[in-house]
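From a predicted model like this one, the values you see are computed outputs, not experimental measurements.
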Amino acid sequence: MPDWTDDEGVAATPPPPAEGLKRWWPLLLAVVLAAGLYAWLGRGGASGDVLHVGSQRGGTKALMLASGVLEGAPYRVEWSEFPAAQTLLEAIGAGAVDVGMVGDAPFHFAYQSGSPIKAVAVQSATSRPRESLAILVPARSRIVDSGSLRGKRIATTRGSVGHYLLLRALDAKGLKPADVRLIFLAPGDAKAAFDTGSIDAWSIWSPYSGTALAEGARVVADGADYLSGYGFDAANASAATAKKAILTDYLKRESHALDWARAHPEDYAEVLAKETGLPLKIALFHARHLPMARVPLDDTVKAEERDVVAQFRKAGAVTGDRPLDDAYLPLDQGAPGAR
């Protein structure tokens, strides 16, 4: 390295660049700027070539990877994992995630709470799967049905599909939320409380329900008797507009993935087990008990969703009064005759 100090050790002005470097300097600067711009676009800048997708445990990521539908996509998908719909919806509302699959009940709970989200596509259970959403009790519990829950400690996640099931099951027996001791916990914490006997019942969904049932839990109220089984691809409202083209493409690929999963539950379960750490038996339970398909966001769906919001309002769980039609921005209505 050249010594640019004078005799007293003080830094001197370096010599001017050679004439050849002067000639090449504009080109070098252009290359650096281009590289910086490329890196910025690669992070999902104005080009919109990155889609940030949230996945719940046992959810979308395993489905899309197992089916291979993202191969050749003209954009990159960056995944984020969440334990439940509530935390996923918080990330979508904050703009940290562009889109994610959630149940209809948590979607409306978040929407009525003011979250800037849109339902851009609908999934529906192709059959009414039993035990995939249920109120569970320990094997030796004396609770026999939802009417026996009066005064009992019941855990679920606030605003979840489990919360909605509990409200419906209590209402069917003439009970109100105030008639039980409702405890809001994340699924992992609820499982620990259930195992130690700190709660009497747990309103929960697959794959958590499959794990508890395999360990001896019993069903006292089954979601198949109360819910239609709709789920929404929920998107951040701004992303639904700014990334409309790639979001629409992603949703169509997801629709194909759902078709593939129904035809290949074992293959789906294998990837699901690897992605989540679930035992293969539980992963297969989830794959077989929750067969979903794309359906149009039509009047049938909207009528069901009005009932969901009405149930939450009746229980005092939500106080918002946002117009439901403003919650919907369908970007994929499925194949003709999908319903």
ask   = Rounded to the nearest 0.5 Å, how far apart are CD1 of Ile154 and CG of Leu170?
value = 5.5 Å
task = Enter the distance from Glu254:CD to Met292:CE here, rounded to the nearest 0.5 Å.
result = 9.5 Å
remark   = Between the NZ atom in Lys243 and the CG atom in Asp98, the distance rounded to the nearest 0.5 Å is 3.5 Å
inquiry  = Is it the case that the side chain of Gln333 and the backbone of Leu297 share a donor-acceptor pair, with hydrogens and angles ignored and the cut-off at 3.5 Å?
reply    = yes
Note, Lys314 side chain near Leu167 side chain (heavy atom, < 4.5 Å) = no
query = Is there a donor-acceptor contact under 3.5 Å linking the side chains of Ser113 and Ser115?
reply = no
ask   = With no hydrogens and no angle check, is any side-chain donor or acceptor of Thr126 less than 3.5 Å from a backbone partner on Pro291?
value = yes
request  = On the 0 to 90° scale, with breaks at 30° and 60°, tag the His264-Trp260 ring pair as parallel, tilted or perpendicular.
outcome  = parallel
inquiry  = Between Val53 and Val120, is there shared hydrophobic-cluster membership here, with clusters defined by ILVMFWY side-chain heavy atoms closer than 4.5 Å?
reply    = yes
ask   = Where does the angle between the aromatic ring planes of Phe107 and Tyr111 fall among parallel (under 30°), tilted (30 to 60°) and perpendicular (over 60°)?
value = parallel
query = Given Tyr268, which of Arg288, Arg262, His286 fulfils the side-chain contact (heavy atoms from CB on, under 4.5 Å) condition?
reply = His286
request  = Please assess His108 against Tyr164 for the test side chain to side chain contact (heavy atoms under 4.5 Å, CB included), listing each intermediate value before the final yes or no.
outcome  = CA-CA 11 Å; His108 285 294; Tyr164 179 60; over 6 Å; no
message = Using a 6.0 Å cut-off, check whether atom NZ of Lys191 has over 12 heavy atoms from anything other than its own residue.
response = yes
Single-linkage hydrophobic cluster, 4.5 Å side-chain cutoff, Val50 and Leu65 together = no
request  = Name all residues meeting the side-chain hydrogen bond (donor to acceptor under 3.5 Å, both in side chains) criterion together with Asp189; count only those two or more places apart in sequence or in a different chain, and write none if there are none.
outcome  = none
task = State, yes or no, whether a side-chain contact exists between Pro106 and Leu89 at a heavy-atom distance under 4.5 Å.
result = yes
ask   = Above 12 or not: heavy atoms from other molecules or residues under 6.0 Å from NZ of Lys281?
value = no
query = Do the ring planes of Trp202 and Tyr208 sit parallel (below 30°), tilted (30 to 60°) or perpendicular (above 60°)?
reply = tilted
task = Using only heavy-atom distances, determine whether the side chains of Glu304 and Ser228 contain a donor-acceptor pair under 3.5 Å.
result = yes
ask   = With a 4.5 Å heavy-atom cut-off, do Leu278 and Thr211 have their side chains touching?
value = yes
Atom pair OG/CG of Ser55 and Leu88 - distance to nearest 0.5 Å = 8.0 Å
request  = Tell me, yes or no, whether the heavy-atom count around Glu270 atom CD, taken from other residues, nucleotides or ligands under 6.0 Å, exceeds 12.
outcome  = no
request  = Classify the ring geometry between Phe312 and His163 as parallel (under 30°), tilted (30 to 60°) or perpendicular (over 60°).
outcome  = perpendicular
Single-linkage hydrophobic cluster Phe232~Val318, side-chain heavy atoms < 4.5 angstrom = no
key: Tyr75 vs Asp249, side-chain hydrogen bond (donor to acceptor under 3.5 Å, both in side chains): CA-CA, chis, key distance, verdict   = CA-CA 10 Å; Tyr75 48 87; Asp249 178 83; 2.7 Å; yes
message = Ring of Phe109, cation from Arg158 - is the NZ or CZ under 6.0 Å from the centre and inside 45° of the axis?
response = no
request  = Using the salt bridge (charged side-chain N to carboxylate O under 4.0 Å, His left out) rule, pick out the option among Asp332, Asp259, Asp233 that qualifies with Lys252.
outcome  = Asp332
Validation row: Leu133, Val161 side chains within 4.5 angstrom (heavy atoms) = yes
ask   = Are any non-hydrogen side-chain atoms of Leu182 and Thr156 less than 4.5 angstrom apart?
value = yes
request  = Work out which heavy atom in Leu149 is nearest to a heavy atom in Val180; give both atom names and the distance.
outcome  = O-CG1, 3.2 Å
inquiry  = Between Asp200 and Arg181, does any side-chain N to carboxylate O distance fall below 4.0 Å?
reply    = no
key: CG on Leu329 to CD1 on Ile117, rounded to 0.5 Å   = 12.5 Å
query = Can you check whether Ala139's main-chain N or O pairs, donor with acceptor, with Arg218's side chain at less than 3.5 Å?
reply = yes
ask   = Is there a side-chain contact between Glu305 and Tyr230 (heavy atoms, below 4.5 Å)?
value = yes
query = Does a salt bridge link Lys118 with Asp326, judged by any charged N lying under 4.0 Å from a carboxylate O?
reply = no
Side-chain heavy atoms of Thr157 within contact of Pro187, under 4.5 Å = yes
inquiry  = Do Leu136 and Val220 have side chains that approach each other closer than 4.5 Å (heavy atoms only, starting at C-beta)?
reply    = no
message = Testing the basics here: between Ala105 and Val308, what is the closest heavy-atom pair and its distance to 0.1 Å?
response = CA-CG1, 3.9 Å
request  = Could you grab the distance from atom CD of Glu81 to atom OG1 of Thr87, nearest 0.5 Å is fine?
outcome  = 10.5 Å
